[in-house]
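Let me begin by presenting the structure, written as structure tokens, before commenting on it.
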Amino acid sequence: MAPLRFSANLSWLFPELPGLPARVRAAGSSGFEAVEVAWPYAEPPEALARAARQAGLRLVLINTPPGAPRAGRAGGCRGAGRIHLMAGRVPRGADRIAVKAEMEAVFLENLRHAAGVLAQEDLVGLLEPINTRITDPQYFLDTPQQAAAILQKVGRPNLQLQMDIFHWQIMDGNLTGNIREFLPIVGHVQVAQVPGRGEPSSPGELNFPYLFQLLEDEGYKGFVGCEYQPRGDTVEGLSWLRSYWDRRGHPEAGQ
């Protein structure tokens, strides 16, 4: 079984460093082979791509900017192959059940259009359920079951599921069953401990050595994004990853 590949989410990791290029270099020095970033639009996408290339890293994921059609251009950066297509929010005061059908119809139409645009750039769009209990109470897409049903309705091969284990645990639990059921349509995984959203090794509900082994056993080939809030210095907090690399014979082990 092949070891998992990890990407550093630069919107979360290395907050002690100013600017994305510096964080890219830090990720490379820490042994990552890839980076991802939620919203890289404060800087020219070419600068981010250049920094990643110079550090020998792949840029594997970005988010769509709210209300702006820049995802296609930014996704064209060298190495970026996946874009998180964010859903909308249920209006405050509205009944989620009452507006679900209307919101889903609009979302489906937008996803079909986005799939066509992304296909022209050879890009993959990702749908990520985000928990509505802690992170965003108004977010429309909040469970893996809902996202999988929408993907089936859209029926586009370049749209996949983004599995953020932090959100999935909060909303639905049953991680072993859900991973086994939905992994065939998962294009990207993200990790953080629950409930504090710290390093996988921080105190919390989740047994990450077990989950990493499960992903390996189920044949996951994509990247695992480190989207968590470091409790201290980012590099010191990567001891969990160095331990994983050590067990799997990674060349960065022990550094």
Side-chain angles (χ1 to χ4, degrees), residues 1-17 20-38 51-61 79-82 162-170 173 175-180 182-184 186-255:
M1 292 171 290
L4 299 175
R5 299 180 298 164
F6 292 85
S7 61
N9 191 304
L10 303 182
S11 297
W12 291 75
L13 301 191
F14 308 104
E16 58 270 20
L17 298 177
L20 289 177
R23 296 183 183 190
V24 168
R25 292 189 292 272
S29 299
S30 300
F32 285 99
E33 60 181 289
V35 294
E36 58 192 69
V37 59
R53 187 166 58 250
Q54 291 173 346
L57 300 173
R58 293 177 57 187
L59 174 60
V60 296
L61 175 71
R82 285 169 168 74
Q162 182 169 321
M163 178 175 70
D164 188 320
I165 287 176
F166 173 80
H167 296 304
W168 285 32
Q169 169 68 4
I170 292 171
L175 287 179
T176 298
N178 283 337
I179 288 173
R180 287 175 173 162
F182 296 116
L183 198 62
V186 167
H188 192 71
V189 173
Q190 291 175 325
V191 295
Q193 186 57 274
V194 178
R197 210 166 189 177
E199 292 91 343
S201 57
S202 61
E205 302 173 9
L206 301 181
N207 180 348
F208 275 99
Y210 168 83
L211 292 173
F212 291 154
Q213 187 64 55
L214 178 62
L215 289 172
E216 287 188 24
D217 292 345
E218 294 297 313
Y220 178 64
K221 303 299 184 186
F223 280 92
V224 177
C226 301
E227 188 183 79
Y228 60 79
Q229 182 65 55
R231 295 180 298 166
D233 179 80
T234 299
V235 175
E236 291 180 4
L238 289 172
S239 58
W240 66 271
L241 183 54
R242 290 189 289 271
S243 295
Y244 174 85
W245 284 339
D246 184 60
R247 292 195 305 273
R248 302 299 278 113
H250 191 281
E252 293 293 333
Q255 293 191 12

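Atom set for the values below is all heavy atoms of this structure, side chains included, hydrogens, waters and symmetry mates excluded. Worth saying up front: this structure is predicted, and the values here are computed from it rather than measured.
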Non-neighbouring partners of Gln54 that pass side chain to side chain donor-acceptor pair (under 3.5 Å), sequence neighbours left out: none
Donor-acceptor pair, side chain of Tyr244 and main chain of Leu4, under 3.5 angstrom: yes
Whether Arg58 side chain and Glu33 backbone form a donor-acceptor pair below 3.5 Å: no
Candidate pair Leu183 and Met163, rule side chain to side chain contact (heavy atoms under 4.5 Å, CB included), full reasoning: CA-CA 8 Å; Leu183 198 62; Met163 178 175 70; 4.3 Å; yes
Derivation of the ring-ring contact (aromatic ring centres under 6.0 Å, His included) call for Phe32 and Phe223: CA-CA 11 Å; Phe32 285 99; Phe223 280 92; over 10 Å; no
Distance in Å, Leu241 CG paired with Ser30 OG, rounded so as to fall on 0.5 Å steps: 9.0 Å
Residue among Gln190, Arg82, His188, His167 satisfying side-chain hydrogen bond (donor to acceptor under 3.5 Å, both in side chains) with Gln162: Gln190
Minimum-distance pair of heavy atoms, taken over all atoms of Tyr228 and Gly198: CB-O, 3.3 Å
For Lys221 against Ala2, the heavy-atom pair lying closest together: NZ-CB, 4.2 Å
Flag side-chain contact, heavy atom, 4.5 Å: Ile179 against Val186: no
Stepwise side chain to side chain contact (heavy atoms under 4.5 Å, CB included) check, Leu211 with Gln169: CA-CA 12 Å; Leu211 292 173; Gln169 169 68 4; over 6 Å; no
Spacing of CD belonging to Gln213 relative to CG belonging to Asn207, to within rounding of 0.5 Å: 11.0 Å
Check: Thr234 side chain, Phe14 main-chain N or O, donor-acceptor pair, under 3.5 Å: yes
Sidechain-backbone polar pair: Arg23 side chain, Leu17 backbone, donor-acceptor under 3.5 Å: yes
Under 3.5 Å donor-acceptor, Glu36 side chain and Leu10 backbone: no
Minimal non-hydrogen separation, Ala192 against Leu206, with atom names: O-CD1, 3.8 Å
Straight-line distance of Arg53 CZ to Leu59 CG, nearest 0.5 Å: 11.0 Å
Criterion side chain to side chain contact (heavy atoms under 4.5 Å, CB included) on Val24 and Val37, from CA distance to verdict: CA-CA 10 Å; Val24 168; Val37 59; over 6 Å; no
Ile165 vs Val194 side-chain heavy atoms within contact, under 4.5 Å: no
Distance-minimising heavy-atom pair for Leu13 and Pro230: CD2-CG, 3.9 Å
Smallest separation among heavy atoms of Pro15 and Gln229, with atom names: CG-NE2, 4.4 Å
Flag, side chain of Glu216 to backbone of Met1, donor-acceptor distance under 3.5 Å: no
Side-chain donor/acceptor of Ser11 to backbone N/O of Ala38, under 3.5 Å: yes
Smallest separation among heavy atoms of Glu236 and Arg242, with atom names: O-NH2, 3.7 Å
Tyr220: ring-ring contact (aromatic ring centres under 6.0 Å, His included) partners, not counting sequence neighbours: none
Test side chain to side chain donor-acceptor pair (under 3.5 Å) applied to Trp12 - qualifying residues, sequence neighbours left out: none
Audit row: Phe212, Leu214, side chain to side chain contact (heavy atoms under 4.5 Å, CB included) steps and yes/no: CA-CA 5 Å; Phe212 291 154; Leu214 178 62; over 6 Å; no
